[in-house]
Amino acid sequence: MKHLISLYDCTTEEIHNFLKLAIKLKKENKEGKTHHILKGKTLGMIFTKSSTRTRVSFEVGMYQLGGQALFLSSNDIQLGRGETIYDTANVLSRYLDGIMIRTYAHQDVLDLAKYGQISIINGLTDYLHPCQILADLQTIYEHKGKLEGLTLSYVGDGNNISNSLLHGCTKVGMNISIASPKGYECDAECIDHAKETAAKTGCKVLLTEDPAEAVSGADIVVTDTWVSMGQESEKQERIKIFGNYTVDDKLFGMAKEDAIFMHCLPAYRGYEVADSVIDGPRSVIFDEAENRLHAQKAVMATLMAD
Ligand code: CP
Ligand code: NVA
């Protein structure tokens, strides 16, 4: 395994191996043990979109693994002025051991992997956000002690987060229920892939327009912004369309009594989630954010170590 572009490309075993290593590295880190698995290695981090968690967790993660990360804003590198992905991939492969890229078009990430000779990690595209979902699975495992057989409910926009949740949950045998308004559903290919995986791992995929149906009996309730990066001009229209999709106390109350709430962040309180839920006792958002660091260290160590 050389790249992490989509969790659909990973086997169930590979996902469990990432999670096991993430949990081990987290424990060692808390014990103050150093683990310089990537000593002398370099990771380029290309960003054409904003980021707090992804940038900081990759940079700190690389440092903790004994390597070096380079922040490459598309405003500063020639890619942003029209240099091709082909040339960029070939040139950066001569300097670096891996590239983490956050960008709009998923095809650009696929092209970097196709033309480059080093590991490519998808740090979010319009289509997928696999690193986030690895951290989410780690967080769920830590709070629930298992993954298989649990039910995760996602309420809101069919976007990069819900598309990757479809992949990740079904790979590890978790049931997934998604409620989105008509016209804002998850990607059709991701749904097909999830159903195909679910048939193999023995879990269920439920797609509905009704948030109550999706959340009823869930172990985990997840939402995300209604306005992803790049959709700012649709904000007013989306706020109207998603009006009934807020995860508030009433909706969260339909999940199991011990259900946890998750959100990849950044969150917009009062829109996709009520303050009382996201800031309530069953919200695990900061564990989830922390686990970006540990899950991505596991990814980098697996892909980039000699
Ligand atoms: N969840 C996430 O990817 O956050 P950032 O946009 O801050 O990186
Ligand atoms: N769906 C959001 C996720 C942010 C981490 C976006 O793409 O903006």
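Numbering of ligands and ligand atoms starts at 1, following listing order. Throughout, residue positions are numbered sequentially from 1 according to the sequence presented.
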among protein heavy atoms, the one nearest atom 2 (C) of ligand 1 is Arg292 NH1, 3.2 Å
ask   = So, is Leu124 polar-close to ligand 1, with some N/O to N/O distance under 3.5 Å?
value = no
Any heavy atom of Arg55 under 4.0 Å from ligand 1? The part involved is neither
Exercise. Just checking, is any N or O donor in the side chain of Ser180 or Glu185 under 3.5 Å from an acceptor N or O on the other one?
Worked result: no
message: Does ligand 1 come near enough to Gln132 that some N or O of the ligand is less than 3.5 Å from an N or O of the residue?
response: yes
Residue pairs passing the salt bridge (Lys or Arg N to Asp or Glu O under 4.0 Å) test with at least one member in residues 220-247, sequence neighbours excluded, are Asp157-Arg238, Glu234-Arg238
Taking only non-hydrogen atoms of His129 and a 4.0 Å limit, the atoms of ligand 1 in range are 2 (C), 3 (O)
Under a 4.0 Å N-O cut-off, is there an ion pair linking Asp287 with Arg292? no
On the six-membered ring of Tyr8, is Lys171 placed so that its NZ or CZ lies under 6.0 angstrom from the centre and within 45° of the ring axis?
yes
Residue pairs meeting side-chain hydrogen bond (donor to acceptor under 3.5 Å, both in side chains), one or both in residues 69-78, sequence neighbours left out, come to Gln78-Arg81
Excluding Phe242, membership of its hydrophobic cluster (Ile, Leu, Val, Met, Phe, Trp, Tyr; side-chain heavy atoms within less than 4.5 Å) reads Val155, Tyr184, Val215, Val221, Trp226, Val227, Ile239, Ile241, Tyr245, Val247, Leu251, Phe252, Met254, Phe261, Leu265, Tyr268, Tyr271, Val273, Val277, Ile278, Ile285, Phe286
Discussion item. Can you confirm whether the side chains of Asn291 and Glu142 place a donor and an acceptor under 3.5 Å from each other?
Written reply: yes
Ranked by distance from atom 6 (O) of ligand 1, the top protein heavy atom is Arg102 NH1, 2.7 Å
Looking only at side-chain N and O atoms, does Arg102 offer a donor or acceptor that is under 3.5 Å from a partner on Thr48? no
Taking the six-membered ring of Phe71 as reference, does the cationic atom of Arg55 (NZ for Lys, CZ for Arg) lie under 6.0 Å from its centre and within 45° of its axis?
yes
Thr52 heavy atoms within 4.0 Å reach ligand 1 at atoms 5 (P), 7 (O), 8 (O)
| Do NZ/NE/NH1/NH2 and the carboxylate oxygens of Asp258 and Arg282 come within less than 4.0 Å? | no
**Q.** Modelled atom types, side-chain donor and acceptor of Asn163 and Glu189, under 3.5 Å
**A.** no
What are the distances between nitrogen or oxygen atoms of ligand 2 and protein nitrogen or oxygen atoms, counting only those under 3.5 Å?
{"unit_1": "ligand 2", "atom_1": "1 (N)", "unit_2": "Asn159", "atom_2": "ND2", "d": "3.4"}
{"unit_1": "ligand 2", "atom_1": "1 (N)", "unit_2": "Asn160", "atom_2": "OD1", "d": "2.8"}
{"unit_1": "ligand 2", "atom_1": "1 (N)", "unit_2": "Asp224", "atom_2": "OD2", "d": "2.7"}
{"unit_1": "ligand 2", "atom_1": "1 (N)", "unit_2": "Ser228", "atom_2": "OG", "d": "2.7"}
{"unit_1": "ligand 2", "atom_1": "7 (O)", "unit_2": "Asn160", "atom_2": "ND2", "d": "2.8"}
{"unit_1": "ligand 2", "atom_1": "7 (O)", "unit_2": "Ser228", "atom_2": "OG", "d": "3.4"}
{"unit_1": "ligand 2", "atom_1": "8 (O)", "unit_2": "Met229", "atom_2": "N", "d": "2.8"}

the protein heavy atom lying closest to atom 4 (O) of ligand 1 turns out to be Arg53 NE, 2.8 Å
- Message: Using a plain distance cutoff, I'd like to know if Met229 has any nitrogen or oxygen under 3.5 Å from a nitrogen or oxygen of ligand 1.
- Response: no
Note: ligand 1 atoms sitting under 4.0 Å from heavy atoms of Cys264 are 1 (N)
